[in-house]
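For reference, the structure discussed in these notes is given below.
Note that the structure is predicted; figures quoted are calculated from it, not measured. Ligands are counted one by one from 1 in listed order, and the atoms in each one are counted from 1 as well.
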Amino acid sequence: MSQRLSRLGPDRSAAGGAIVTCDSPAHIAYIDHAIDFGGAEHSLIELVSRLDRTSFTATILHTEGAKWLHSDQIADVERIAVFPDHPLLQQKRDEVSTGLLRLIPNVCSTVQLSLKLRAALRRTGAQLVHTNSLKTHFIGGLAARLARLPLIWHVRDLLREDEGYHWLRRAAHLLHPHVIAISKVVAEQFAGLATEVTVIPNGIPLDKFCPGPPSPQLRSELGLSADDYVLLIVSRLTPWKGHMTLLEAVAHLADRWRQLKLVVVGEVAFWEAAYEEQLKQQAAELGLTERVIWTGFRSDVPELLRLCDIFVLPSVEEPFGRVIIEAMATGRPVVATESGGVPEIVVDGQTGLLVPPQDAQSLADAIETLLTNRQYAQQMGAAGLSRAHQLFSVDRVAWQVQELYQKILSKGG
Ligand code: UDP
Ligand code: GLC
């Protein structure tokens, strides 16, 4: 290592403050194959834009046509479209079968993409590889090993057995990544392996999400009246996020709460286009057409959060759920599910209410508890705000990740 890496600076809370002093910055290659803008890509952009540039420089290696790269925050970061729009990269997790017919072409494609990636890693002069999405843990992991570079997997997924859980463990065993897990439950997937795992819970830019009065223009744009109670979900429209259960819960409450409205923010991924229609049809069958407002993808989530009375995320199994900490930072009470990493974020009964997944009646009861007791709801929002500021700042994430880079690079990989 040519870098002279010194001790961390004393003020760990300052955004972007120098943490190490180096003669020449170490070059980190970030790899993400996503086309759409999900939580993983938001988190990556926020991390890269907070790197201490005297210590680390970055290249982002991505798929052609990736929509999330347009963010102003990374305008000055080098990026290389290394992946073509390849069928392997668009394959859904539950299509990853162990059958030979699928396995052989998948292994061949992985090797082919890894070789391409290795060449790009060499060209950029990368010194450490940081993969940010499930498929790039495999492809980028192999490329890093071929290029003899230290490897970090930033693991953001919870995999079922039929979704490649065993493949992930096998690959961890073979590729020896250092794993960053976004929650303890994500880290547990590596239990029993020799893999080194650091839990670094997600963070958000807290200054972007703050409590305050909602914009009256936004209310009228969405067709909401001043006395409507607003439930909000912000999430990709995909089955495991639990929109169907939420629609059923709203139907349970509809007769008693005439002013209850549900705002659904988010869009489908292109391979799930039919799902949006299914959701809208279910809303119609439940008699909710007038009560549900579908906004599609929005870039003004902080503003939309200020508009709601209660934030809801009824996921079946959520690895983390950035939107929950965004709602907490906006001072909103959260109703979510006892699933995945959510109980590590929401303190049941203090910052929100947790219910079992796929249980519309319990979800409706929890929402009704908060609709009935406004003061309790407000106290939860205030407790959530304080918890978000204590635990979920993106500056803390940037510090912890850079500390890890420093540790790995100073060990020589
Ligand atoms: N988001 C957004 N606009 C939308 C829907 C979502 O900006 O219309 C953002 C949201 O604010 C959050 C991220 O996308 O920062 C979603 O991250 P999360 O971890 O909640 O879910 P994921 O989709 O990654 O599972
Ligand atoms: C993934 C997970 C989500 C997490 C996000 C950011 O998309 O589904 O729970 O918050 O990554 O790490």
Side-chain angles (χ1 to χ4, degrees), residues 30 32-47 67-68 70-71 73 92-93 130-137 153-160 163 179-187 189 199-206 208-209 218 222 232-243 263-269 272 275-276 293-308 311-330 332 334 336-337 339-346 357 388 392 394 397 400-401:
Y30 294 89
D32 189 309
H33 76 283
I35 298 271
D36 292 316
F37 208 164
E41 291 68 42
H42 279 278
S43 301
L44 179 64
I45 288 170
E46 285 158 6
L47 167 65
K67 295 178 194 164
W68 53 277
H70 303 306
S71 166
Q73 289 186 71
K92 283 163 67 182
R93 291 179 197 176
H130 183 142
T131 58
N132 195 56
S133 58
L134 186 57
K135 284 166 189 155
T136 63
H137 301 331
W153 282 1
H154 207 140
V155 180
R156 303 175 180 279
D157 296 277
L158 274 178
L159 298 180
R160 292 193 317 251
E163 288 179 332
V179 167
I180 297 177
I182 56 168
S183 58
K184 289 183 200 150
V185 74
V186 165
Q189 296 176 113
V199 178
I200 304 184
N202 282 323
I204 50 165
L206 292 165
K208 258 178 70 184
F209 296 90
L218 188 56
L222 297 178
L232 174 70
I233 177 167
V234 178
S235 153
R236 279 182 280 147
L237 305 184
T238 195
W240 65 269
K241 291 286 186 177
H243 294 82
V263 177
V264 180
V265 175
E267 65 182 352
V268 280
E272 280 180 329
Y275 187 60
E276 181 167 358
I293 296 136
W294 308 87
T295 71
F297 183 88
R298 301 279 299 211
S299 50
D300 56 348
V301 171
E303 195 62 45
L304 286 154
L305 282 164
R306 282 197 282 277
L307 187 87
C308 76
F311 182 79
V312 189
L313 189 70
S315 308
V316 177
E317 197 158 46
E318 183 69 57
F320 186 94
R322 277 173 57 101
V323 286
I324 297 177
I325 54 177
E326 292 170 356
M328 286 162 62
T330 314
R332 294 302 182 259
V334 172
T337 44
S339 77
V342 176
E344 298 171 40
I345 308 170
V346 176
F392 301 117
V394 70
V397 176
Q400 285 183 280
V401 172

Quiz prompt | side-chain contact (heavy atoms from CB on, under 4.5 Å) assessment of His154 paired with Ser43 | solution = CA-CA 10 Å; His154 207 140; Ser43 301; over 6 Å; no
Quiz prompt | Working for side-chain contact (heavy atoms from CB on, under 4.5 Å), residues His130 and Val401 | solution = CA-CA 10 Å; His130 183 142; Val401 172; 4.0 Å; yes
Practice problem: Give the intermediate values and the outcome of side-chain hydrogen bond (donor to acceptor under 3.5 Å, both in side chains) for residues His137 and Thr131. | Solution: CA-CA 6 Å; His137 301 331; Thr131 58; 2.8 Å; yes
Self-check item: Residues Ile324, Phe392; criterion side-chain contact (heavy atoms from CB on, under 4.5 Å); working and verdict
Solution: CA-CA 11 Å; Ile324 297 177; Phe392 301 117; over 6 Å; no
Practice problem: Decide side-chain hydrogen bond (donor to acceptor under 3.5 Å, both in side chains) for Glu318 and Thr337; before the verdict, give the C-alpha distance in whole Å, the side-chain angles of both, and the deciding distance to 0.1 Å. | Solution: CA-CA 9 Å; Glu318 183 69 57; Thr337 44; over 6 Å; no
Self-check item: Worked check of side-chain contact (heavy atoms from CB on, under 4.5 Å) between Phe320 and Ile325
Solution: CA-CA 9 Å; Phe320 186 94; Ile325 54 177; 3.6 Å; yes
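Nearest protein heavy-atom contact of atom 3 (N) of ligand 1 is Arg298 O, 2.7 Å. Here the heavy atom of the protein found nearest to atom 6 (C) of ligand 1 is Val234 CG1, 3.6 Å. Summary of contacts: the protein heavy atom closest to atom 18 (P) of ligand 1 is Arg322 N, 3.6 Å. The closest protein non-hydrogen atom to atom 9 (C) of ligand 1 is His42 NE2, 3.5 Å. Of the protein's non-hydrogen atoms, the one nearest atom 12 (C) of ligand 1 is Glu326 OE2, 3.5 Å. Residue, atom and distance of the protein heavy atom nearest to atom 23 (O) of ligand 1 are Arg236 NE, 2.8 Å. When only non-hydrogen protein atoms are considered, atom 24 (O) of ligand 1 lies nearest to Gly39 N, 2.8 Å.
Less than 4.0 angstrom separates some heavy atom of Val301 from each of these atoms of ligand 1: 2 (C), 3 (N), 7 (O), 11 (O). The Gly321 neighbourhood of ligand 2 comprises atoms 3 (C), 4 (C), 9 (O), 10 (O), with distances under 4.0 Å to a heavy atom of that residue. Listed by number with element, the atoms of ligand 1 under 4.0 Å from a non-hydrogen atom of Lys241 are 21 (O), 22 (P), 25 (O). The contact set between ligand 2 and Pro319, taken as ligand atoms under 4.0 Å from a residue heavy atom, comprises 2 (C), 8 (O), 9 (O). Taking every heavy atom of Arg156 and a limit of under 4.0 angstrom, the matching atoms of ligand 2 come to 1 (C), 2 (C), 6 (C), 11 (O), 12 (O). Close contacts between ligand 2 and Glu318 involve ligand atoms 3 (C), 8 (O), 9 (O) [criterion: under 4.0 Å to a heavy atom]. Taking a cut-off of under 4.0 Å to the non-hydrogen atoms of Arg322, the atoms of ligand 2 that pass are 10 (O). Close approach of ligand 1 to Gly266 (heavy-atom distance below 4.0 Å) involves ligand atoms 8 (O).
In terms of N/O distances under 3.5 Å, ligand 2 is not approached by Lys241. Any N or O atom pair closer than 3.5 Å counts here, and Ile182 shares no such pair with ligand 2. For Trp240, no nitrogen or oxygen atom sits less than 3.5 Å from a nitrogen or oxygen atom of ligand 2, counting backbone and side chain alike. At under 3.5 Å, a nitrogen or oxygen of Val323, whether backbone or side chain, sits near a nitrogen or oxygen of ligand 1.
Although no hydrogens or angles enter the test, the distance criterion places no donor-acceptor pair under 3.5 Å between the side chain of Arg236 and the main chain of Gly266. Proximity of a side-chain donor or acceptor of Glu276 to a complementary backbone N or O of Gly296 within less than 3.5 Å is not detected. Between the Gln189 side chain and the Leu159 main chain, a donor and an acceptor come within less than 3.5 Å of each other. Without hydrogens or angle criteria, Glu41 side chain to Gly38 main chain gives a donor-acceptor distance under 3.5 Å. Arg298 contributes no side-chain N or O that, together with a main-chain N or O of Val265, makes up a donor-acceptor pair within less than 3.5 Å. Of the possible polar contacts, one joining the Glu344 side chain to the Lys184 backbone as a donor-acceptor pair under 3.5 Å is found.
Annotation: the span from Lys241 atom NZ to Tyr275 atom OH amounts to 11.5 Å, rounded to 0.5 Å.
Residue contact check for ligand 1: Gly321 places a non-hydrogen atom closer than 4.0 Å to it. Ligand 2 has no atom lying under 4.0 Å from any heavy atom of Gly38. Heavy-atom separations between Phe320 and ligand 1 are all 4.0 Å or longer.
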